[in-house]
Amino acid sequence: MKLEQDYCLQKYNTFGINAKCNTFFEYDKDAELFDFIRLHRNDKDFKFFILGGGSNILFTKDFEGTIIHPATKGKNIVYENGDNIFVEAQAGEIWDEFVDWSIANKAYGLENLSYIPGTVGASAVQNIGAYGAEARQFIHRVKFLHLDSGDIQYMSNEACCFGYRESIFKHLLKGKAIILSVVYKLSKSPNINRTYADVENYLTENSISNPSPADIRNAIIAIRRKKLPEVSETGSAGSFFKNPVVNAETFNTLKTKFPDIKYFTAGNDYKLAAGWLIDQCGLKGFQHNGAAVHKNQALILINTGNATGNDVLELSEIVREKVSDKFGVELNPEAIII
Ligand SMILES: Cc1cc2nc3c(=O)[nH]c(=O)nc-3n(C[C@H](O)[C@H](O)[C@H](O)COP(=O)(O)OP(=O)(O)OC[C@H]3O[C@@H](n4cnc5c(N)ncnc54)[C@H](O)[C@@H]3O)c2cc1C
């Protein structure tokens, strides 16, 4: 356990923004969290934020309150039946280590979500997704501390109200729930998902005709390493904006005007590729003070070395304005701005 005052958060956010908090509380046992919350729960002035790996956060100022940082570790198989293995990981586990561990334990499904930065706790908050998979396809149950009642509660997959990078923990339970662990329902037999062209190309290039889940994991890691900035080298929060979803009428108007527009269907609606929209505004590599649009991936805003949170925020406003002017489409941040 760690309890510090006036604490620097630069190492705790992947943007590498130099922000501080009044109090920093890190715990590696849930009991430490329960004691800490019991002490502060009824204090009306108690302001807190739960910070996992800080890989989807932009600090624009110091945080005048307490940062609660789960560092609880542990992963285990809780139950098996004919087809499935139920595995539980504690909130502070590193997501990618958990994916690696599940494959090693012949529990399959998470391969396409390999190499996403962050923690297991946040995987349920964010409903993380990549390469044709989303966490919600595999989450069985979420265990959390309900701050209003002080009770430990369990939430089923259905009750989590998962959506595109959304869950109940970002809405109804925002600021009211600290996730303690997540149970994932994985498969005993591989169910290879190679729908993405990049994955297929990797397999062809490496002469892999019958890939195992470990091959898919290797493919995803190689692709991501090539395409995305490494968090250890370049500060970013991954995709800064969500892909905007528009209805059929708006989509048809845009498609007539911009025949090459990149999109995916989303039920009756259309999800536009935000990176394409930004790129079409000529913004790849565009720099604003210490912040820039990544030169290869327009959806990623980066810290070029000494950016402040406001540099990134202002850059994001410039990007939003340009996209809105050109396409009449509003971009909304995926990153959480504090
Ligand atoms: C280079 C890069 C690539 C990325 N690629 C992807 C990608 O492909 N797909 C994708 O979905 N995301 C991606 N992301 C975003 C990020 O990795 C995910 O959003 C991740 O889930 C964030 O995890 P974290 O632990 O860092 O959470 P944080 O950023 O610390 O927090 C995210 C949110 O979760 C809440 N939270 C965290 N832990 C808990 C807890 N225990 N209980 C309650 N609330 C909690 C926080 O309060 C906050 O609201 C990428 C980020 C980077 C930097």
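Any value given below was found using the heavy atoms of this structure, including those in side chains, with hydrogens, waters and symmetry copies removed.
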Please confirm whether Tyr263 and Phe251 have ring centers closer than 6.0 angstrom.
-> yes

Gap between atom CG of Leu33 and atom CG of Leu180 - 0.5 Å precision | 6.5 Å

Whether Asp311 side chain and Gly290 backbone form a donor-acceptor pair below 3.5 Å = yes

Gap separating the OH atom of Tyr202 from the CG atom of Asn218, nearest 0.5 angstrom = 5.0 Å

Side-chain contact, heavy-atom cut-off 4.5 Å: Ile50 with Pro70?
-> yes

Output yes when Lys20 and Asp62 qualify as a salt bridge under the 4.0 Å nitrogen-oxygen rule, no when they do not.
-> no

Do Val87 and Asn105 have side-chain heavy atoms sitting under 4.5 Å apart?
-> no

Where the side chain of Asn127 meets the backbone of Arg136, is there a donor-acceptor pair that is under 3.5 Å apart?
-> yes

What orientation do Phe327 and Phe258 show, parallel under 30°, tilted 30 to 60°, or perpendicular over 60°?
-> tilted

Search all heavy atoms of Ala237 against all heavy atoms of Thr14 and return the closest pair with its distance.
-> CA-OG1, 4.1 Å

Hey, does the side chain of Asn289 reach the backbone of Ala291 with a donor-acceptor pair shorter than 3.5 angstrom?
-> no

Taking the side chain from Arg194 and the backbone from Val199, do they hold a donor-acceptor pair closer than 3.5 Å?
-> no

Any chance you could measure Ile338, atom CD1, to Lys61, atom NZ, to the nearest 0.5 Å?
-> 8.5 Å

Do we get Lys185 above Tyr79's six-membered ring, with its NZ or CZ under 6.0 Å from the centre and within 45° of the axis?
-> no

Among all residues two or more places apart in sequence or in another chain, which pass the side-chain contact (heavy atoms from CB on, under 4.5 Å) test with Ile318?
-> Phe286, His288, Lys322

May I ask you to test the Gln126-Ile336 pair for a side-chain heavy-atom distance under 4.5 Å?
-> yes

Any side-chain donor-acceptor pair under 3.5 Å between Thr23 and Gln5?
-> yes

For the pair Asp28 and Lys73, find out whether any cationic side-chain nitrogen is under 4.0 Å from an anionic carboxylate oxygen.
-> no

Asn201 versus Thr204, side-chain donor and acceptor atoms under 3.5 Å = no

Is it true that Phe48 and Phe25 have ring centroids separated by less than 6.0 Å?
-> no

Within a strict 4.5 Å, meaning less than it, do heavy atoms of the Val183 and Glu88 side chains meet?
-> yes

Does any N or O in the side chain of Glu26 come within less than 3.5 Å of the main-chain N or O of Met1, such that one atom is a donor and the other an acceptor?
-> no

For the residue pair Glu111 and Tyr131, establish whether any side-chain heavy-atom pair is separated by less than 4.5 Å.
-> no

Derivation and outcome, side-chain contact (heavy atoms from CB on, under 4.5 Å), residues Phe169 and Cys160 = CA-CA 8 Å; Phe169 302 104; Cys160 286; 4.0 Å; yes

Backbone N or O of Ser156 within a donor-acceptor pair of the His140 side chain at under 3.5 Å?
-> no

Please work out which of the three classes, parallel, tilted or perpendicular, describes the rings of Phe240 and Phe15, given edges at 30° and 60°.
-> perpendicular

Distance col, row Ser181:OG vs Glu93:CD, nearest 0.5 angstrom, shows 11.0 Å

Can a donor-acceptor pair be found between the side chains of Lys2 and Tyr7 at a distance below 3.5 Å?
-> yes

Aromatic centroids of Trp95 and Tyr184 separated by under 6.0 Å = yes

Quick one: does Ile216's side chain get under 4.5 Å of Asn193's, heavy atoms only?
-> no

Should the pair Tyr12 and Phe24 be assigned to parallel (<30°), tilted (30 to 60°) or perpendicular (>60°) ring geometry?
-> tilted

Is Tyr115 reachable from Leu299 through a run of I, L, V, M, F, W or Y residues, each pair having side-chain heavy atoms under 4.5 Å apart?
-> no

When rounded to the nearest 0.5 angstrom, what distance separates CG in Leu272 from CG in Asn243?
-> 8.0 Å

State, with a plain yes or no, whether a side-chain heavy atom of Lys255 is found less than 4.5 Å away from one of Tyr270.
-> no

If you measure from the Lys or Arg side-chain nitrogens to the Asp or Glu carboxylate oxygens, is any gap between Arg224 and Asp198 under 4.0 Å?
-> no

CG of Asp96 to OG1 of Thr119, rounded to nearest 0.5 Å, is 12.5 Å

